[in-house]
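Below you'll find the structure, written out as structure tokens, and then a few comments.
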Amino acid sequence: MKLYVLNGPNLNMLGIREPSIYGKQDFNALIQYIKDVCAREDIEVECFQSNHEGVLVDIIQSALGKADGIVINPAAYTHTSVAILDALKAVALPAVEVHLSDVSQRENFRHISYPAMACIAQIKGKGFQGYEEAILLLKEHLKEQA
Ligand code: DQA
């Protein structure tokens, strides 16, 4: 089982960026956390981060034939990107959307998610643990489908 984990714009600034919302741990700590979860669960993982919408679309497209599922935190593109929604629909791989913060408790513009319309679940407000939940959810989903 292989997963792609994608992180969108400004998530590379974790630890520096609004720590009261996103926590004090940096992006490398997040990647290590994801790799540890996947190693424990016997899942192969590739992690990506980009600040560019088109690059995220390219990575989603490249998952076809290489990954069994996608965990994605599209960050700010969550609230604007039909292109990321369409890319997820195009590859039709099971995907779970993650947000470190609880977007439903923040500004109104953060309440809408385009990519979530192509995801089997959205996990929000659980910090790093949300990524673990997303990985476990995909693992269960893929096992049921096998
Ligand atoms: C975020 C929430 C988004 O609204 C925001 O633009 C981000 C991070 C989160 O993980 O909580 O960059 O996706």
Side-chain angles (χ1 to χ4, degrees), residues 1-41 43-64 66-142:
M1 190 178 294
K2 178 161 179 172
L3 300 181
Y4 272 17
V5 178
L6 275 68
N7 282 293
N10 300 305
L11 289 166
N12 56 316
M13 296 285 285
L14 282 182
I16 297 164
R17 164 187 198 206
E18 300 180 272
S20 60
I21 298 176
Y22 299 114
K24 290 189 183 133
Q25 289 189 284
D26 68 11
F27 185 67
N28 287 337
L30 174 62
I31 296 304
Q32 195 52 57
Y33 180 89
I34 291 164
K35 287 183 174 168
D36 288 348
V37 169
C38 287
R40 187 195 72 207
E41 296 295 326
I43 295 169
E44 224 187 305
V45 67
E46 264 195 78
C47 297
F48 304 88
Q49 189 276 330
S50 179
N51 293 325
H52 305 279
E53 185 176 18
V55 174
L56 292 165
V57 168
D58 288 342
I59 295 165
I60 293 166
Q61 289 184 5
S62 77
L64 197 59
K66 292 203 201 106
D68 302 300
I70 297 174
V71 173
I72 183 165
N73 182 345
Y77 290 134
T78 305
H79 319 300
T80 60
S81 184
V82 177
I84 290 175
L85 166 64
D86 284 350
L88 290 170
K89 282 185 167 177
V91 297
L93 290 166
V96 176
E97 184 177 290
V98 178
H99 298 286
L100 293 158
S101 66
D102 185 353
V103 281
S104 68
Q105 300 298 316
R106 298 180 63 195
E107 303 96 320
N108 281 340
F109 66 83
R110 293 186 206 273
H111 296 181
I112 177 137
S113 169
Y114 290 98
M117 295 176 204
C119 291
I120 58 171
Q122 186 198 53
I123 296 166
K124 51 187 187 288
K126 298 191 171 168
F128 285 12
Q129 213 191 312
Y131 288 80
E132 177 173 11
E133 282 188 30
I135 290 161
L136 295 177
L137 217 143
L138 273 175
K139 186 180 180 183
E140 281 315 303
H141 180 84
L142 290 165

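For ligands, and for the atoms within them, numbers begin at 1 and follow the listed sequence.
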Could you list each nitrogen or oxygen of ligand 1 that sits under 3.5 Å from a protein nitrogen or oxygen, with the atom names and the distance?
residue	atom	partner	partner atom	Å
ligand 1	4 (O)	His79	NE2	2.7
ligand 1	4 (O)	Arg110	NH1	2.9
ligand 1	6 (O)	Ala76	N	3.2
ligand 1	6 (O)	Arg110	NH1	3.1
ligand 1	10 (O)	Asn73	ND2	2.9
ligand 1	10 (O)	Leu100	N	2.8
ligand 1	11 (O)	Leu100	N	3.3
ligand 1	11 (O)	Ser101	N	2.8
ligand 1	11 (O)	Ser101	OG	2.6
ligand 1	12 (O)	Arg17	NH1	3.1
ligand 1	12 (O)	Arg17	NH2	2.8
ligand 1	13 (O)	Asn73	OD1	2.8
ligand 1	13 (O)	His99	ND1	2.8

Restricting to salt bridge (charged side-chain N to carboxylate O under 4.0 Å, His left out), what partner residues turn up for Lys124, sequence neighbours left out? none
What pairs meet the side-chain hydrogen bond (donor to acceptor under 3.5 Å, both in side chains) rule with one or both residues in residues 76-95, with sequence neighbours excluded? Glu53-Ser81
Any side-chain to backbone donor/acceptor pair from His52 onto Pro9? Under 3.5 Å, distance only. no
Please walk me through it: do Ile84 and Val57 pass side-chain contact (heavy atoms from CB on, under 4.5 Å)? CA-CA 6 Å; Ile84 290 175; Val57 168; 4.2 Å; yes
Partners of Glu41 by salt bridge (charged side-chain N to carboxylate O under 4.0 Å, His left out), sequence neighbours excluded? Lys139
Residues Leu138, Ile43; criterion side-chain contact (heavy atoms from CB on, under 4.5 Å); working and verdict: CA-CA 11 Å; Leu138 273 175; Ile43 295 169; over 6 Å; no
